[in-house]
Amino acid sequence: MTEEKKVQYFNMILCKAGMLLVGLGLIRVLSIHQDQLGFLLGFGGFLMVSIHIQALEKRWDIPKKHTWISTGIFALLFIPLSYWLAFPPI
């Protein structure tokens, strides 16, 4: 694997980790403050960033297999963590 590909994959991992943190922050804002407008604005920004990341992945010629795997890992982490943040154990 070339050095350029390693940098691309590292950047892809950083993007997914950042999206995970932003998404969890949005869930936390909605669950604690019940700020629906703030959640909608943040969610709109989250969607725009994810569309931009998909465009970058196509531009960088990252294989679909790797994109699907990273999206699956993101969902596997995001769903349980967001549930835990929205409904914390007592």
Determine the minimum heavy-atom distance between Ala86 and Ser31, stating which atoms define it. CA-CB, 3.8 Å
Using the side-chain contact (heavy atoms from CB on, under 4.5 Å) rule, pick out the option among Ile73, Thr71, Leu77 that qualifies with Lys16. Thr71
Pairwise distance CD(Glu57) to NE2(His52) - rounded to 0.5 angstrom: 10.5 Å
Once you round to the nearest 0.5 Å, how far does CG of Leu47 lie from CE of Met19? 8.5 Å
For the residue pair Phe43 and Leu26, what are the closest heavy atoms and their distance? N-CD1, 3.7 Å
Establish whether Trp84 and Ile32 are linked, either directly or via other cluster members, by ILVMFWY side-chain heavy-atom contacts under 4.5 Å. no
Over 12 non-hydrogen atoms of neighbours within 6.0 angstrom of CH2 in Trp60: yes
Interatomic distance, Leu37 atom CG to Leu30 atom CG [nearest 0.5 angstrom]: 11.5 Å
Cluster question for you: counting only ILVMFWY and a side-chain heavy-atom cut-off of under 4.5 Å, with indirect links fine, are Phe46 and Val29 together? no
Just say parallel, tilted or perpendicular for the rings of Phe78 and Phe74, cut-offs at 30° and 60°. parallel
Would Leu24 and Arg28 satisfy side-chain contact (heavy atoms from CB on, under 4.5 Å), going step by step from the backbone distance to the final call? CA-CA 6 Å; Leu24 292 174; Arg28 182 91 171 158; over 6 Å; no
Is there a chain of hydrophobic side chains (I, L, V, M, F, W, Y, each step under 4.5 Å between heavy atoms) that links Leu41 to Val49? no
Can you confirm whether Ile27 sits close enough to Tyr83 that some side-chain heavy atom of one is under 4.5 Å from a side-chain heavy atom of the other? no
Which distance, rounded to the nearest 0.5 Å, do you find between the CG of Asn11 and the CD1 of Ile53? 10.5 Å
Mind checking whether Met12 and Val7 sit in one hydrophobic cluster, side chains of I, L, V, M, F, W, Y counted as touching below 4.5 Å? no
Minimum heavy-atom separation for Lys5 and Asp61, please, with both atom names. NZ-O, 3.6 Å
